[in-house]
Structures are given as structure tokens and as C-alpha cells.
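We name chains A, B, ... by the order of the sequence lines, and we start the count at 1 in each one. Computed from a prediction, not measured in an experiment: that's the story for all the values here.
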2 protein chains.
Amino acid sequence: MRPGRHQRGGPVQSTQDSVKSSAKVTIADVAREAGVSKGLVSFALNDRPGVAADTRARILQVAEALGWTPSLRARSLSSKRSFALGLVIARDPEVLGSDPFFTSFIAGVETVLAPEGLALVLSVVPDEETELQTYRTLVSDGRVDGVFLSDLRIDDARIQCLADLGLPTVTLGRPDQPSPFPAVSIDDTHGIAESVRHLAGLGHRRIAHVAGSPAMLHGSRRQEAFTSAMRAAGLGDGQIVETDFSIAAGADAARRLLSQPEPPTAIVFANDPMAIAGIGVAQELGIRVPEDVSITGFDDIEFARYVYPALTTVGATPLVWGRAAAATLLGLIRTGGADDVDLPAARLIIRGSASVPAPG
Amino acid sequence: MRPGRHQRGGPVQSTQDSVKSSAKVTIADVAREAGVSKGLVSFALNDRPGVAADTRARILQVAEALGWTPSLRARSLSSKRSFALGLVIARDPEVLGSDPFFTSFIAGVETVLAPEGLALVLSVVPDEETELQTYRTLVSDGRVDGVFLSDLRIDDARIQCLADLGLPTVTLGRPDQPSPFPAVSIDDTHGIAESVRHLAGLGHRRIAHVAGSPAMLHGSRRQEAFTSAMRAAGLGDGQIVETDFSIAAGADAARRLLSQPEPPTAIVFANDPMAIAGIGVAQELGIRVPEDVSITGFDDIEFARYVYPALTTVGATPLVWGRAAAATLLGLIRTGGADDVDLPAARLIIRGSASVPAPG
DNA sequence: CTGAAAGCGCTTACAG
DNA sequence: CTGAAAGCGCTTACAG
């Protein structure tokens, strides 16, 4: 079949012309039909006080009968709202693809937005400068009524930027600086500490950590959690290799750690994709998992259950996080304030990739 | 630290009041300052003919000086456009998370939308009925000027729905029915055929296929490609297990195939996540990859390079696809018509998971 | 080539 | 509790 040229409204014919004609009903039609003013229809629609109960009922009934849907565009212009929330993701798309966090997070967000008639505007940008520019454009275009701020960084410049823009924001996690925005957080240090204790309990002494980026809050926080858990277990500081959270960097780190004269007997990875790459590297080097080296991850992505050996990891709940963040942002926008939310800590899920170290 | 309550505009103070005051500049200010009518400013902004070159230059210069950004909301209301494109994804979020297709696709879309000042509205819905309802809402709200239709299905009801709604659409792949919409496609049958030929060339005779959902166009098309390639190689029809493309189903299928008395010596998986699960299952069963069973995938997700053995697979290019689809949809919206686009066929990428079968 | 005016479809004070 | 009117900030025929 050769590529062809398509015009709008081609071979497939519309069978529902009623849809199109009914799309033209306006508030004026409803007002006339109900015998009231447009203003009153608006009041009834928006549940504002000052409309007699029976009048309101009649208005809503007429609206229903006429198939009236208030024009979002007109409402936006006059009320200066956009009925949409924004999420800007600044990551290399290649890296992004291997991290299922955002798709689950977005699915969680949608469960609260959809029933409210709100939309999600998504941007994927290559770097922080573009991200800041995107926020400015989003605000000057009036595209969104608020945004989610993810992947918090050390001294995150985006917080001041969003505060300057006056854009209602919810941060995913608590920033390391004064922030005017509510934070929806999940404790991830607990899971790292649990991982270390689990491995120490199995008898491991040389435990290494493949950390995420120290410039990112969850990277540095997990690294700190690792260090203090190691000390608490009397195992010293433990060897640490920092990465940018990417699979490639995780594989490199694993290769470096396992190629040493005295390699660790266990490695705690800061996320699942790196841990899975770590399993691959070990196998490639002829090092058995978990007999020769135990491996743990973080996130519990779906792959974790299906690689071999199945990955012992910390279970994050991005869907729940998305739901909570959306509810909080909505509350902030509607009431002008919102409380911080602390989600239940992520817990260790024990599978096959960690076991007692081989003797010797 | 205890959760606290946040008000808008808290401790962080705005340092750029100019931003806020300049946000109030309207077309009337520009018109007055430039000594012309609002209409003429609008004409100049939109590059419409009928404005003297020097007048246009003066207007744009004044606009620049005043820091005027035309109000998207006002433009939307009067021009009946929304300056946004939509993507609705109907998948289980868990399954979605393991498939990096959409994040890369979206990144590709963004590269063309951002420079045009257009936004992407994203919806993740649980099922087809909700998806259809989402399109209707998108249209009646005037949220988007067009949408991308992905994951094409056999007898896809969404095409008629979108045609009825009169919503400009680009389909990812060519539907199996008359469609009024341009299609942006990538040939994936070629890659499957290449996989079969590669395996046959290595000496495999018993080759199985873990197919995707037969209700989905790319699932059934890849399956047909497998069958005809097998016949062309004189290897019969080959054993086929159908799945829903999920990792879990892929693992089940692999387990079933490999637990037979006379298991296949090679398995062609319809996507990478299932193939990776297949490698895991084989290892779990003590079956060596590729010595005892060769495995190939489809997509070339990032993980494919980092599992062990690295996955021989077919390289898809979702980023390129996103770019082409966005360009096509834009063209359709602006000119009322657009040509189909055929992207270069996905090609086989040879890595370590497929080799000559063990003798015997 | 340019201006004055109506219109897009709502919301929101302001009167009564 | 309800109505009449102005306003949100653009675009678009219609005149000239």
C-alpha cells in the first residue's frame, strides 16, 4: 500500500451529527430556556450560594436537557484558570525510558484529575535551563494552575523560580532549603537501612553502595542512609561509587567494584535499573548471584520480579505518590494552603538476589 | 521534621516583580503605544497579509519593548483553537511502566511541539471505554486541536469515534480498516523476518514465537510475519504462544515452551520485556542462553544491552516516530490534509542471546 | 493598507 | 434571591 493523502473527514462518515450541533449550546441558550439570566446559570453551575434551590434545580435540568457543556475556553478567559496541572520532566529520554517511575506516577495523578475534569500537561525537556524556561512559558501562557516538582536537587534553583512565578507547586519529597510549597514525601532511607541490615544479618561484611547522583536529593539521601546503616552495623563506611542513576553508569560501577582484588560480597544499588545491570555484569564476569555477590535494588519495578535471580529490592509506590501529590496540589490551588504529606516508608522486599555469602 | 502547613507565597520572596506586572500587558496597550488598532496588532502577530512592512515592524518592536505575550486564553476563545495536542494511553499502569515506548515517543513529540508553543495533554486511562469517553471530553472541552492514536487494534472502534468527533488524528501505524486519518508507520515485519532468517541461518529448526495480543495490530502483524518467514525458510509454521505483551505473560509463555519434552531451540519474542523475562525463566530452569535456547526480542529497550546475555533484538525508534507523528499532525491541523509517512524499517541488532544451537 | 466594532462564552461585581 | 451589564483579551469580518 502506498502512502496516500488524507483530508479531514474522509471516507469514514459521521453518524452523530447531533454531537456537533449540540456542541453549540451556550449559557445564553440555557438562560433563555430556563427563563433566568446568564449570571444565574453561572452561579448554579459553580455551586455558588445565592440561588434558590428550586431555581438551581430547574437550571441544571434545562442544561442537562439541552446538553450544555460550559465552554472551558470561556471559563478560562474570564476566571483566569486553566483547569490543568503541569509536570515537567528534565531527563535524557533514553534514561527516562528505563525508569517506569513517571508513567506510574502519572497514572496515579490521573485518577484524581480525571473525575475533576482537569487535564495534565506534560513536558519532557533535555536540561534544567530548558525546564526553567518551560515553567516561565507555562505561566505566561496560563497553561496550568499548578505543577508537580520532581527529582529534587541539592540547592534546587527551580524552587525559587517557581516561587517567583507564583505558581502553586507541590514538591515530591522535602527540599533541603526553605520552601513555600507543600511536600509530599516518602521515606526512602528506611528501605536502604533495611537492606543493609538484611545483608549484615546474612553475614556480609564487605558491602558496597552504587549511589545515585549526589546532586539529587534522593541520591544523596540514600547514600547517607547507607553510610549510617553501615556504621550502625559496625561495618565501617563501606565502598561507595557515585553514578547518575543511569543503567549504563550502574553497569560501569558494578564492573569496577567486582573487578577489584577484594570485591564486595554484597552491593546495594540506589535503583532497580542499575541493580539489574549489576546482575548482568556479574553474570558476564562469571560471578554468581547471589552465591558470590548479593545484590539489592530500589523501586521494585516490574522487571525486578522477572530477572534471574529475582531482585531483592525496596518497594516504592509511585502510583500512590501520584495520587497523594495530585490531591495535595488540588487542595493548595483551591484553598491557598496545604499540609505536607508523609507517605508510608518504602519497605524491603526479599527475593532471590541476596543470600548468605559464600564461605571464605 | 513535622509536616507543616504551607500558604502560597511563603518564606521565599519574589525577586522579580517586573515579571508579574509585565504579565498584565495586553494587546490594547501595544495598540495604543504603537498608535494603531488592536486588530492590526493581531494581524501583525499572526503574520497575516495586509499589514505594511514598516507598520508590522513597529508593532512587533513595541510589543517586544512592552514585554507583551498574547494571552493564550483569549486567543483560544476567539479562534477556537487550544494550541495543544493530546495523547491518550489505555494501558494498565503496571504494564505501561515496563514499556519505555511512550516516554521516548513523547520526548520526540516534544521536540516539535515546544518550538511551536504547543503543549501536550496526556491521559492515562484503564480501558477502551474510558479512552473513548476521554476523547469526547477532550473535544467538548476543546482541550486539544488533535490527537495521536497509538496501539492500533483490530477493527479499532476508536477510529470511527474520532472521525465522528471530527478530531484531527494521526494514527501510529496503518489501520486495518478505511481511515480518514494520515498514518505514520514503521515496518516491524521486516525485523521479525530478519530474526527468523538469522536464527535459521545459525542452524535452528525448532523456532517458537511468543506473540503479542492478536487483538492488537502490531501483535497480529508480527505474528504473521513470523509465520511467513518460517514457511519461507522451510521450517513449518512454528509453535506460537499468544500473550497480552506483558512481562508476566511473556514469562508464562517461556515457561510453557521450555518445559515441553521437545522444547524449541530458539524463541522469537514480540517485545523486549517479554524476551528479558524469557531469559530469566530459562536461567531459573537451568537452561543456558544461548547455548540451549536462543532468544530474540523486539524494541531494543535500554535494558536489552545490559541483561546477560545481551539481547539480540529489533531496534525500534520511538523518538523518531514521535517527531514524525507530531510533524504530521501539525501539518494536518494547519493545512487540513497530510500524507502518510513510512519510517525506515526496524532492523535486527545482533548481540549475545542468540547463537548456534547446541549439537543434538 | 488601516480602523472601529462585534463577537467568542463565560464570570463577577454591582444593583435591586 | 435575581437581573442587567461590564469585562476577560483576543480574532475577524466589515467598512473605508
Might you list the N or O atoms of the protein lying below 3.5 Å from N or O atoms in nucleotides 6-8 of chain D, with each pair's distance?
{"from": "D:dC8", "atom 1": "O3'", "to": "A:K80", "atom 2": "NZ", "distance (Å)": "3.3"}

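No more than 12 heavy atoms of other residues, nucleotides or ligands lie within 6.0 Å of CD in B:E33, so this atom counts as exposed by the packing criterion.
In this entry the distance linking CZ of B:F43 with P of C:dT2 reads 12 Å, nearest Å. Summarising the geometry, the separation between CD1 on B:I59 and P on C:dG3 is reported as 8 Å, rounded to the nearest angstrom. Remark: C1' of C:dT12 and CD1 of A:I27 are 12 Å apart, rounded to the nearest angstrom. Atom CZ of A:R81 is separated from atom C1' of C:dT12 by 12 Å (rounded to the nearest Å). As rounded to whole Å, 14 Å separates atom P of C:dG9 from atom CG of A:L66. Regarding A:F83, its CZ atom lies at a distance of 13 Å from the C1' atom of C:dG9, rounded to whole Å.
Across all strands shown, C:dA4 forms no Watson-Crick or G-U wobble pair with both distances under 3.5 Å. Across every strand in view, C:dA13 sits unpaired, with no contact that passes the Watson-Crick or G-U test at under 3.5 angstrom.
By the 30° and 60° cut-offs, the orientation of the rings of B:F101 relative to B:F105 is parallel.
Among the protein residues, B:V36 comes within range of the sugar-phosphate backbone only, with heavy atoms under 4.0 Å from sugar or phosphate atoms but none that close to a base. Heavy atoms of A:T55 sit under 4.0 angstrom from primed sugar atoms or phosphate atoms, though from no base atom. When heavy atoms are screened at a 4.0 angstrom cut-off, A:G142 is found touching no nucleic acid atom at all.
A donor-acceptor pair under 3.5 Å is formed between the side chain of B:W321 and the backbone N or O of B:V184. Side-chain N or O atoms of A:R136 include none that pairs as donor or acceptor with a backbone N or O of A:L165 at under 3.5 Å. In this structure a side-chain-to-backbone donor-acceptor pair under 3.5 Å is present from B:D156 to B:R153.
Positionally, the nearest nucleotide of DNA chain D for B:R73 lies more toward the 5' end than for the other of B:R48 and B:R73. Nearest-nucleotide positions on DNA chain C place B:L40 closer to the 5' end than the other of B:L40 and A:L45.
Among the nucleotides C:dC1, D:dC10, C:dT12, the one closest to the side chain of A:S42 is C:dT12. Listed nucleotides C:dG3, C:dC10, D:dT12 differ in distance to B:S37; the shortest reach to its side chain belongs to C:dG3.
Side-chain contact check for B:Q61 and B:R58: no donor-acceptor pair (N or O, by modelled atom type) lies under 3.5 Å.
With sequence neighbours left out, B:S76 forms a side chain to side chain contact (heavy atoms under 4.5 Å, CB included) with A:R73, B:F83.
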